[in-house]
Amino acid sequence: MPATTRGPRREGWQRPVAIPEHLEDLRGPVDGSVRLPLRTYSSGAGPDRVFDLDNEAERIELYQIVLADGTVEDICGYLNHTELQRLWTRLRLPAHVRQAWEPLLGVAASRG
């Protein structure tokens, strides 16, 4: 699955945003627990950080981290397309990440 990146920020460098070709490629779990790899999540409790998907606050935190810092493989493996659409308006994301994802999610998602 090739990633797409959206253009550079005028103020300087920003992390490229990984986006899958199709929203349906996001087939991650909707319950249970997830341990993010160190390359994706290296702060907080470090590589042992486990997110409980049954806890909505932790699920939101996981989605924010993976959308901002994950690879296409991370996004497709850890996030679920239906859940992403449901949570979209509640996610606190950098503006460039939100703008990059809105075309794939559709106009309705960007209007919240």
Would you give the length of the straight line joining atom [atom1] of [X] to atom [atom2] of [Y], rounded to the nearest 0.5 angstrom?
X      : Y     : atom1 : atom2 : value
Trp101 : Leu93 : CH2   : CG    : 10.0 Å
Thr40  : Ile65 : OG1   : CD1   : 9.5 Å
Asp54  : Arg59 : CG    : CZ    : 7.0 Å
Asp25  : Ile75 : CG    : CD1   : 11.0 Å
Glu24  : Thr82 : CD    : OG1   : 8.5 Å
Ser33  : Asn55 : OG    : CG    : 12.0 Å

Short question: side chain of [X], backbone of [Y] - any donor-acceptor pair under 3.5 Å?
X     : Y     : result
Glu58 : Asp52 : yes
Asn80 : Gly28 : yes
Gln64 : Arg92 : yes
Tyr41 : Asp69 : no

Are [X] and [Y] packed together at the side-chain level, in the sense that at least one heavy-atom pair is separated by less than 4.5 angstrom?
X      : Y     : answer
Leu84  : Leu67 : yes
Leu91  : Ile60 : yes
Leu104 : Pro20 : yes

Side chain to side chain contact (heavy atoms under 4.5 Å, CB included) between Leu87 and Glu56, worked out: CA-CA 9 Å; Leu87 294 174; Glu56 189 154 299; 4.2 Å; yes

Geometric cation-pi criterion Arg49 and Phe51, 6.0 Å radius, 45° cone: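 Yes, Arg49 sits over the ring of Phe51.
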
Candidate pair Leu36 and Asp74, rule side chain to side chain contact (heavy atoms under 4.5 Å, CB included), full reasoning: CA-CA 9 Å; Leu36 288 179; Asp74 293 332; over 6 Å; no

Audit row: Tyr78, Leu53, side chain to side chain contact (heavy atoms under 4.5 Å, CB included) steps and yes/no: CA-CA 10 Å; Tyr78 295 118; Leu53 297 180; over 6 Å; no

